[in-house]
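To keep things clear, I will list the structure first and then write my remarks on it.
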Protein chains: 2
Amino acid sequence: MAKFRLDEVDHQILDMLIENTRIPFTDIAKKLLISAGTVHVRVKKLEEAGIIRGSSLTLDYQKLGYSFIAYVGIFLEKTSQTKFVLNRIHEIPYITVAHITTGKFNIFCKVRAKNTKHAKDIIFMIDDIEGVSRTETMISLEESINDKNRLMHSIFNDL
Amino acid sequence: MAKFRLDEVDHQILDMLIENTRIPFTDIAKKLLISAGTVHVRVKKLEEAGIIRGSSLTLDYQKLGYSFIAYVGIFLEKTSQTKFVLNRIHEIPYITVAHITTGKFNIFCKVRAKNTKHAKDIIFMIDDIEGVSRTETMISLEESINDKNRLMHSIFNDL
DNA sequence: TGTTTTTTTTGCATTATCTTTAATAAATAA
DNA sequence: TTATTTATTAAAGATAATGCAAAAAAAACA
């Protein structure tokens, strides 16, 4: 893959698209004082380079009846069971994120549930997976920060 | 706010937009055998109802030089310092997510860094915040799951 | 049940946006 | 410098979004 060097214009395009993926390229062009064709070409290149992997909606899960977030740390009996357990975990749709980690836990995941009872059911499902020794749950009382824009600004200012 | 009942058509529209926010409404209309006007009206309603909060890009952070993910649990000296500490945390752009939690930690956050050294610097910054008693870090070796589509399918099948 | 009222969908017209193209300009290499 | 590559542009044609009035469907009511 070709080395890819992002310049200021790329940054600004990304910046605007991160905030709203459906903003018209013509609007981006106007703000950056370039042509819409350039925006188009640049975005296509960013996609081809794999820097833009896709786009997605930000949904209000509360309004969809899912007001519960928990993080669950998983201890395994043997590290060699990691793959097997991850496969089982992947079958539970309420687990939206999972990482293999070093530190306290072997696997670390994020759970979205409807309510406390539902969360309990999910955590029990995890505990029941063969190879899982025990789990430790952190319940989110409030999602205080969730923002990738600030990170992007740092990335852009870096180089 | 008016109670909002999502039907099958709304689900399918959301489903397609979750996967690609820039898919033309005309394409959605064709697939669902409805008019583009209907798609337009429905999406507008979902936005007005706050179910769609926005949209964002999925970026390849590795390619942007940020290949390091860690989760950091924070212990506070006093719970009453939560707000103050969160404000300090909010000033660190490399912390992309933060939750107030029950369980082991008072605050729980996600860190994106360039590399180990950078991560260390960030964690030290957290440790240096007034009111933070200590932190516990889990380093991600691999992000194995990160997928909201499966959750959405469950939500849709629920009701 | 039929009737009224409200909501939703549709088709079309208008406007806006995307996307390609060929020409031009800029950057890079020889 | 000159050749070559790469990027940008304006313009044009293709495609899509948006608004609206009419029709259809659904809901409310008697």
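A note on names: the letters A, B, ... follow the listed sequences, proteins ahead of strands, and every chain is numbered from 1.
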Inset, instruction - Could you check how far CZ of A:Arg42 sits from P of D:dT6, rounded to whole Å? - result: 15 Å
Inset, instruction - Please check if any side-chain donor atom of A:Ser35 sits under 3.5 Å from a side-chain acceptor atom of A:Thr38, or the reverse. - result: yes
Inset, instruction - For residues 70-87 of chain A, pull every pair meeting salt bridge (Lys or Arg N to Asp or Glu O under 4.0 Å), keeping only residues two or more places apart or in separate chains. - result: none
Inset, instruction - List for me each residue that meets salt bridge (charged side-chain N to carboxylate O under 4.0 Å, His left out) alongside B:Arg53, sequence neighbours excluded, and say none if there are none. - result: A:Asp60
Any protein N or O atoms within reach of nucleotides 14-20 of chain D? Criterion: under 3.5 Å, listing atom names and distances.
unit_1 : atom_1 : unit_2  : atom_2 : d
D:dA17 : OP1    : A:Arg22 : NH2    : 3.3
D:dA17 : OP1    : B:Phe25 : N      : 3.0
D:dA17 : OP2    : B:Phe25 : N      : 3.0
D:dA17 : OP2    : B:Thr26 : N      : 3.2
D:dT18 : OP2    : B:His40 : NE2    : 3.1
D:dT18 : O5'    : B:His40 : NE2    : 3.3

Enumerate donor-acceptor pairs with a distance under 3.5 Å from any side-chain N or O in residues 99-113 of chain A to protein atoms, sequence neighbours excluded.
unit_1   : atom_1 : unit_2   : atom_2 : d
A:His99  : ND1    : B:Ser140 : OG     : 2.7
A:His99  : NE2    : B:Tyr71  : OH     : 3.0
A:Thr101 : OG1    : A:Phe105 : O      : 2.9
A:Asn106 : OD1    : A:Leu76  : N      : 2.8

Inset, instruction - May I have the distance from A:Glu48 (atom CD) to D:dA7 (atom P), rounded to whole angstrom? - result: 12 Å
Inset, instruction - Please collect all salt bridge (Lys or Arg N to Asp or Glu O under 4.0 Å) contacts where either partner lies in residues 10-23 of chain A, sequence neighbours excluded, each pair once. - result: A:Asp10-A:Arg42
Legend entry - All side chain to side chain contact (heavy atoms under 4.5 Å, CB included) counterparts of A:Ser56, not counting sequence neighbours: B:Ile18, B:Lys148
Legend entry - Members sharing B:Ile139's hydrophobic cluster (side chains within less than 4.5 Å): B:Phe68
Inset, instruction - Could you pull out all residues at least two apart from B:Lys44 that satisfy salt bridge (charged side-chain N to carboxylate O under 4.0 Å, His left out)? - result: none
Inset, instruction - Five pairs at each end of the helix from C:dT1-D:dA30 to C:dA30-D:dT1: take the axis at both ends and give me the angle between them to 10°. - result: 40°
Legend entry - Partners meeting salt bridge (charged side-chain N to carboxylate O under 4.0 Å, His left out) with A:Glu91 (sequence neighbours left out): A:Arg88
Inset, instruction - Can you sort out the partners of A:Glu143 under side chain to side chain donor-acceptor pair (under 3.5 Å), two or more places apart, ordered by chain and number? - result: A:Asn146
Legend entry - Atom-pair distance (CG on A:Asp7; C1' on D:dT6), nearest Å: 13 Å
Legend entry - Range on DNA chain C touched by chain B - first to last nucleotide, heavy-atom distance under 4.0 Å: C:dT8 to C:dC18
